Amino acid sequence: MSEAAAPPQRSAIAKGATTPDGGSEDETVVALENGIVINASGYRDQLKRQYSLVGLAGIAVTVDNAWVALGSSISVSILNGGPPGLIFGLIVAVFYYSFIGLGLAEFASSVPTAGGVYHWATIAGGPKWGRILGFFTGWINFYGWMFDLAALVQITANIAVNMYVVYHQDTYIFEPWQVYVAYLLILWAATAIVIFANRIIPHTQNLGMFFVIAGGIITIIVLAAMPRKHADNHFVWGSFEENNLTGWSGGVAFMLGVLNGAFTVGTPDAITHMAEELPHPRKDLPKAIALQIGLGFLYAFCFAIVLCYAITDISALTLGINTYPLASIYAQATADADGNQNVGATFGLLFIIFFSSALCCIGTVLTNSRIYWALARDNAVPLSPFFAKVNETLSCPVPSTLFVAVIATGLGAIPLGSPVAFLNLTGSFIILTTVSYAIPFAANVVTGRKYFPKGPFHLGKFGTPVNVLAVLFITLFDIFYCFPYLVPTTVEGMNYNSVIIVGVVALTGLWWLLHANRNYPGPKVMTLYIHDDSAEVVAAGGTVAAESFEETKSEKQA
């Protein structure tokens with residue numbers, strides 16, 4: 001074999017050793033490939049590691065945007081038991097997402113890569129199933145995040161339109177295209193910032209964290225203090241039965257309403273896709289996930305309580321997709337004793353949400369672009385060599401970022417023709433992302449949790465129970481999230497989440513048959529972490545198999 005054709009030679013950099021440039025131990029260094037330092041994903045660093053724990057926390061809190069998400073999606077569950085369904089559904093959602101967060105934090109501490117669950121499913125599946133499990137997981141996760149991005153930008157666009165309406169209520173005539181224009185402006189402004197202003201993104205997300213935290217405090221105080229009349233305790237805590245307008249029995253209606261709480265805390269993997277832009281990912285990612293879920297719940301819970309006490313007309317929350325019901329609650333809460341609206345206060349509260357949501361759009365475009373880029377690096381997408389390109393001056397995978405924006409542009413046009421179709425599409429975000437979490441959790445248990453090295457955060461003997469409970473909760477709630485919203489149901493009111501998840505899996509399966517089965521070698525993490533019991537392995541902050549990537553690929557093809 002000629003020198004040019006020789007497979008790359010990898011060697012481990014043992015924990016505690018110095019890096020090739022003479023520096024001290026670096027947890028981002030996993031091995032050497034032909035003398036080049038490679039990270040946990042099996043590639044050399046191409047993006048700047050510019051995010052500190054504070055910057056990472058900024059992205060986590062801003063993308064989660066928990067109390068804003070709860071208020072913005074309140075119409076999802078307000079029919080499922082009113083305020084009691086909203087508040088107690090949030091508690092249940094946070095409870096089961098805590099198991100998801102623990103599992104993801106352990107994975108991130110062990111193998112911090114931009115691929116996130118895509119790479120973790122590959123590793124957990126082992127040498128036999130890792131390639132196909134990772135492929136399906138990566139695509140399902142990407143579809144879920146794309147639908148989330150479309151929903152988020154749609155919400156932000158609705159807020160922008162409602163801010164205008166506050167001062168033009170007597171003359172304004174609503175048209176769906178107005179929301180879409182706002183949608184395009186917000187989406188492409190966020191995309192431009194991600195591409196051309198990467199170095200300021202940590203500052204935008206820190207500002208977003210400030211708006212989420214400080215804005216949340218201001219909003220909670222205003223909603224608690226300003227209303228001339230508050231709802232009574234029974235309405236907030238005990239009106240479940242009279243406000244269950246779904247047609248389902250109380251238990252089923254409640255389980256369906258947990259979806260609103262899931263929207264509130266349903267982004268725990270967002271920051272894991274930033275792993276290759278952190279100097280200390282193994283330690284910082286678990287901390288940021290814990291902060292995201294914990295702080296998100298605290299603010300969302302307090303906000304939910306004061307919000308429900310501020311409601312005087314619950315019918316205003318059920319007006320449809322191209323409206324923003326929270327604006328009606330704000331108008332009710334800030335009205336004076338004579339019932340006249342305080343437009344300044346309403347506008348101010350909406351501005352807090354708009355600004356934090358707009359910054360959240362930046363973080364979500366960032367997350368989506370990293371997911372697609374990670375797939376492209378491993379030849380898992382069409383035109384992979386093109387979408388795998390990185391502009392290292394801008395520290396951005398520009399083609400992947402533009403692709404995400406173009407797809408989101410198309411998704412945002414759907415409400416112009418079918419608001420119900422858009423609601424179903426974006427509502428599937430929770431199901432798709434949780435399925436992408438369940439696959440590596442289940443595979444990790446089945447393979448005896450033997451392929452992941454211990455990171456700074458390790459669940460130890462609790463790992464298997466946590467993974468199993470996470471899978472069981474995901475299965476239970478995802479089944480409920482596919483139930484019709486109302487019974488008896490109609491074609492227009494049907495819940496098509498089950499159709500969407502089947503469609504996503506079918507499209508992924510078709511791409512597997514047409515391309516991946518022969519041309520997708522699997523990510524490079526396969527040779528860093530997957531090993532047979534007889535293989536020689538060495539510790540390298542992860543586990544590095546002795547055989548090369550090309551050798552493993554040849555064995556699989558044989």
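The structure displayed is predicted, hence computed values, not measured ones.
Annotation: side chain of P415 is not in contact with side chain of Y180 (no heavy-atom distance under 4.5 Å). Taking the side chain as every heavy atom from C-beta outward, V381 and S400 never approach each other to under 4.5 Å. Within the 4.5 Å cutoff, side-chain heavy atoms of I305 are placed close to those of F301.
Between the N368 side chain and the F142 main chain, no donor and acceptor come within less than 3.5 Å of each other. Side-chain atoms of E277 do not come within 3.5 Å of backbone N or O of M274 as any donor-acceptor pair. Listed for the S436 side chain is a donor-acceptor partner under 3.5 Å among the backbone atoms of T433.
Taking the six-membered ring wherever Trp is involved, the centroid distance between the rings of F297 and Y97 does not fall below 6.0 Å. Ring centroid separation for the pair F355 and F211 comes in under the 6.0 Å cut-off. When ring centroids are compared, W248 and F483 come within the 6.0 Å threshold. With ring centers used as reference points, F99 lies under 6.0 Å from F473.
The distance from the NE2 atom of H280 to the CG atom of L285 is 12.0 Å, given to the nearest 0.5 Å. Separation of atoms CZ (R377) and OG (S41) is listed at 4.0 Å; rounding is to 0.5 Å. L432 contributes atom CG, which lies 8.5 Å from atom CG of L425 (distance to the nearest 0.5 angstrom).
In terms of heavy atoms, L411 sits closest to M146 at CD1-O, 3.9 Å. Shortest non-hydrogen contact noted between P112 and P281 is CB-CB, 3.6 Å.
By the side chain to side chain donor-acceptor pair (under 3.5 Å) test, D269 pairs with N141, W145, H273, Y437, sequence neighbours left out. Partners of W237 by side chain to side chain donor-acceptor pair (under 3.5 Å), not counting sequence neighbours, listed by chain and number: Y309. With sequence neighbours left out, S239 forms a side chain to side chain donor-acceptor pair (under 3.5 Å) with N243. With sequence neighbours left out, the ring-ring contact (aromatic ring centres under 6.0 Å, His included) criterion links Y485 to no other residue.
Among residue pairs with one or both ends in residues 203-212, none qualify as side-chain hydrogen bond (donor to acceptor under 3.5 Å, both in side chains); sequence neighbours excluded.
Other residues, nucleotides and ligands place more than 12 heavy atoms under 6.0 Å from the CZ atom of F240. By the 6.0 Å contact criterion, NZ on K229 is open, its count of non-hydrogen atoms from other residues, nucleotides or ligands being 12 or less.
Ring planes of F351 and F347: parallel class, angle under 30° (limits at 30 and 60°). Classified by interplanar angle (parallel below 30°, tilted 30° to 60°, perpendicular above 60°), the ring pair F387/Y372 is perpendicular.
No salt bridge links R370 with E276; every basic N to acidic carboxylate O contact stays at or beyond 4.0 Å.
Judged purely by distance below 3.5 Å, without hydrogens or angles, the side chains of Q46 and S395 never pair a donor atom with an acceptor atom.
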For residues 184-201, which side-chain donor-acceptor pairs fall under 3.5 Å, sequence neighbours excluded?
| unit_1 | atom_1 | unit_2 | atom_2 | d |
| --- | --- | --- | --- | --- |
| W188 | NE1 | T409 | OG1 | 3.0 |
| T191 | OG1 | L187 | O | 2.9 |

